[in-house]
Asks: 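Here you go, one structure.
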Protein chains: 2
Amino acid sequence: MIEQEEEIRKKLAEKGYRLTKQRQVVLEVLRGTQSHPNADWIYQEVRKRMPNVSLGTIYRTLNVLKDAGLIQELNYGSSSRRYDGKVTSHYHITCIKCGRVMDIDLPPFVELEHRAEAVTGFKVTGHRLEFYGICPECYSSLKR
Amino acid sequence: MIEQEEEIRKKLAEKGYRLTKQRQVVLEVLRGTQSHPNADWIYQEVRKRMPNVSLGTIYRTLNVLKDAGLIQELNYGSSSRRYDGKVTSHYHITCIKCGRVMDIDLPPFVELEHRAEAVTGFKVTGHRLEFYGICPECYSSLKR
DNA sequence: TTACTTGCAAATGATTTGCTCTAAA
DNA sequence: TTTAGAGCAAATCATTTGCAAGTAA
């Protein structure tokens, strides 16, 4: 399930980074949650295993992991950036009541990029699609 | 072309806001540009016409105009929020080389929301779709 | 007249950075 | 052994807020 340590080391090395204990733990924390946490939440989790880690290291680590293609950054919407241990392209939906972010099980709509390319003249390299709505829990509490 | 002053006043009044000179000028600046500027750029522009305006007022004004539905906030991606004088729903494309943001002339894909709703169980209220790519200018300079 | 708004400056929150020491390769 | 990385604290950047004075309705 979890990517081999050597695989991770290799991806880091390609960008000139080393594999450190801190980077390993951040990655494990991110892969071990369904939530899409921000730096501070990750910091609290990592501290449980490494009490001396600093928030600055968390930020630096997240940028390194992102640069190495090991994690994904989801910074649209809220005031702080959120991270995702999944790197395969997929969409998210945010609950406008409780702020929860969920993965959406839909394949990427590549045809959207073709249409954008045709209309703009840009060489389109990617897209981001974010849905907003009310989650089942919040929806039922609205009716109560 | 430009919405009537009374129309603007009405939209503000619906939310309990007054129409002030500052709000008028910010709105005019935003409607008078094709770019999708951030608060600081708007501040510089407004200062040309109102030298005593403060940056705090710009921020407050942008939030008021957004709340009244007179402008749109585009805060995904870059470190500072960008604003758009158009409120009709449309998509954007960002050049990953020069940072330019352009409007895309495509109708909203409402069927995407239906598919997300079917898959997640959320009551979907909206979506945001952002494209990334290389603009024609940057693309041709790459080949030089 | 009376709230709502402004300008100003200080405060806040998220993220980055400089520096010295530590540890990965 | 060499050089990237960690921890700590200070710095930075974008945005918000408290307050006294100004102004739209």
Side-chain angles (χ1 to χ4, degrees), chain A residues 5-27 29 36-44 46-68 70-71 73-83 99, chain B residues 5-27 29 36-44 46-68 70-71 73-83 99:
Chain A
E5 185 178 311
E6 279 315 312
E7 191 65 36
I8 296 169
R9 193 186 303 273
K10 191 182 147 206
K11 283 197 182 172
L12 287 168
E14 278 170 15
K15 292 273 187 171
Y17 301 123
R18 298 175 180 175
L19 178 57
T20 64
K21 186 67 187 161
Q22 292 73 348
R23 290 173 184 172
Q24 235 172 75
V25 174
V26 168
L27 195 53
V29 162
H36 298 73
N38 60 17
D40 202 69
W41 187 94
I42 296 166
Y43 174 51
Q44 304 305 335
V46 174
R47 267 220 295 200
K48 292 178 186 169
R49 294 171 53 183
M50 309 183 76
N52 293 322
V53 77
S54 78
L55 186 53
T57 295
I58 301 296
Y59 276 106
R60 269 191 279 232
T61 297
L62 289 168
N63 284 332
V64 164
L65 294 177
K66 176 181 64 172
D67 188 39
L70 288 161
I71 64 171
E73 189 181 277
L74 320 169
N75 57 357
Y76 24 169
S78 79
S79 61
S80 64
R81 297 178 189 156
R82 288 164 166 273
Y83 294 87
Chain B
E5 184 176 312
E6 280 314 315
E7 192 64 35
I8 296 170
R9 193 185 304 273
K10 190 182 147 207
K11 283 196 182 174
L12 287 168
E14 278 169 15
K15 291 273 186 170
Y17 300 123
R18 297 174 179 176
L19 178 57
T20 64
K21 186 68 187 159
Q22 291 76 344
R23 289 172 185 174
Q24 234 172 79
V25 175
V26 168
L27 195 53
V29 163
H36 299 73
N38 59 19
D40 202 68
W41 186 94
I42 296 166
Y43 174 52
Q44 303 305 335
V46 173
R47 266 221 294 201
K48 292 178 185 168
R49 293 172 54 184
M50 310 183 77
N52 293 324
V53 78
S54 77
L55 186 54
T57 296
I58 302 296
Y59 276 107
R60 268 189 282 231
T61 298
L62 289 169
N63 284 332
V64 164
L65 294 177
K66 178 181 64 171
D67 189 39
L70 288 160
I71 65 172
E73 190 181 275
L74 321 169
N75 57 359
Y76 24 166
S78 79
S79 61
S80 63
R81 298 177 189 156
R82 288 162 165 276
Y83 293 88

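Below, chain A is the first sequence line, B the second, and so on; all start at residue 1.
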Asks: Bend across the helix from dT1(C)-dA25(D) to dA25(C)-dT1(D), to 10°, with axes taken over 5 pairs at each end?
Replies: 50°
Asks: In chain order, what residues pass the salt bridge (Lys or Arg N to Asp or Glu O under 4.0 Å) check against Asp67(A), with sequence neighbours excluded?
Replies: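 Per chain and number, Asp67(A) pairs via salt bridge (Lys or Arg N to Asp or Glu O under 4.0 Å) with Lys15(A).
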Asks: Is a donor on one side and an acceptor on the other found under 3.5 Å between the side chain of Arg9(A) and the backbone of Leu19(A)?
Replies: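 No; judged by distance alone, with no hydrogens or angles, the pair does not exist.
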Asks: Under 3.5 Å, side-chain donor or acceptor atoms of residues 46-60 of chain A against the rest of the protein: list the pairs with distances, not counting sequence neighbours.
Replies:
residue: Arg47(A); atom: NH1; partner: Tyr43(A); partner atom: OH; Å: 3.4
residue: Arg47(A); atom: NH2; partner: Gln44(A); partner atom: OE1; Å: 3.3
residue: Lys48(A); atom: NZ; partner: Glu45(A); partner atom: OE2; Å: 2.9
residue: Arg49(A); atom: NH1; partner: Glu28(A); partner atom: OE1; Å: 3.1
residue: Arg49(A); atom: NH2; partner: Glu28(A); partner atom: OE1; Å: 2.8
residue: Ser54(A); atom: OG; partner: Thr57(A); partner atom: N; Å: 3.3
residue: Ser54(A); atom: OG; partner: Thr57(A); partner atom: OG1; Å: 3.2

Asks: Could you give the distance from CD1 (Ile71(A)) to CG (Leu62(A)), rounded to the nearest 0.5 Å?
Replies: 5.0 Å
Asks: What is the separation between atom OH on Tyr17(B) and atom C1' on dA25(D), rounded to the nearest whole Å?
Replies: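 After rounding, the gap between these two atoms is 17 Å.
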Asks: Report the residues that fulfil salt bridge (Lys or Arg N to Asp or Glu O under 4.0 Å) with Lys21(B), sequence neighbours left out, ordered by chain and then residue number.
Replies: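 None.
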Asks: Between which nucleotides of DNA chain C, read 5' to 3', does contact with chain A run, using atoms under 4.0 Å from its heavy atoms?
Replies: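 So the contact region on DNA chain C extends dA14(C) to dA25(C).
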Asks: Could you tell me which non-hydrogen atom of Leu27(A) sits nearest to which non-hydrogen atom of Leu70(A), and how far apart they are?
Replies: CD1-O, 4.0 Å
Asks: How far does CZ of Arg82(B) sit from CD1 of Ile42(B), to the nearest 0.5 angstrom?
Replies: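 Spacing of CZ (Arg82(B)) from CD1 (Ile42(B)) equals 10.0 Å.
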Asks: Nearest whole angstrom, please: distance from the C1' of dA4(D) to the CG of Asp67(A).
Replies: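 Atom CG in Asp67(A) sits about 15 Å away from atom C1' in dA4(D).
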Asks: Find out whether Tyr83(A) and Val29(A) are in side-chain contact, i.e. whether some heavy atom of one side chain is under 4.5 Å from a heavy atom of the other.
Replies: no
Asks: Tell me every residue that passes salt bridge (Lys or Arg N to Asp or Glu O under 4.0 Å) with Lys66(A), counting only those two or more places apart in sequence or in another chain.
Replies: Glu73(A)
Asks: Given that Thr61(A) and Thr20(B) both sit by DNA chain D, which one's nearest nucleotide is further toward the 5' end?
Replies: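 On the 5' side of the pair lies Thr61(A).
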Asks: Assign a letter to each nucleotide of nucleotides 9-23 of chain D from its 5' end: B, base within under 4.0 Å of a protein heavy atom; S, sugar-phosphate only; -, no contact.
Replies: -----SBBBB-----
Asks: Categorize Val64(A) for me: base, sugar-phosphate, or nothing, with a 4.0 angstrom heavy-atom threshold over every strand shown.
Replies: nothing
Asks: Can any side-chain N or O of Arg23(A) pair as donor or acceptor with the backbone N or O of Thr61(A) at less than 3.5 Å?
Replies: no
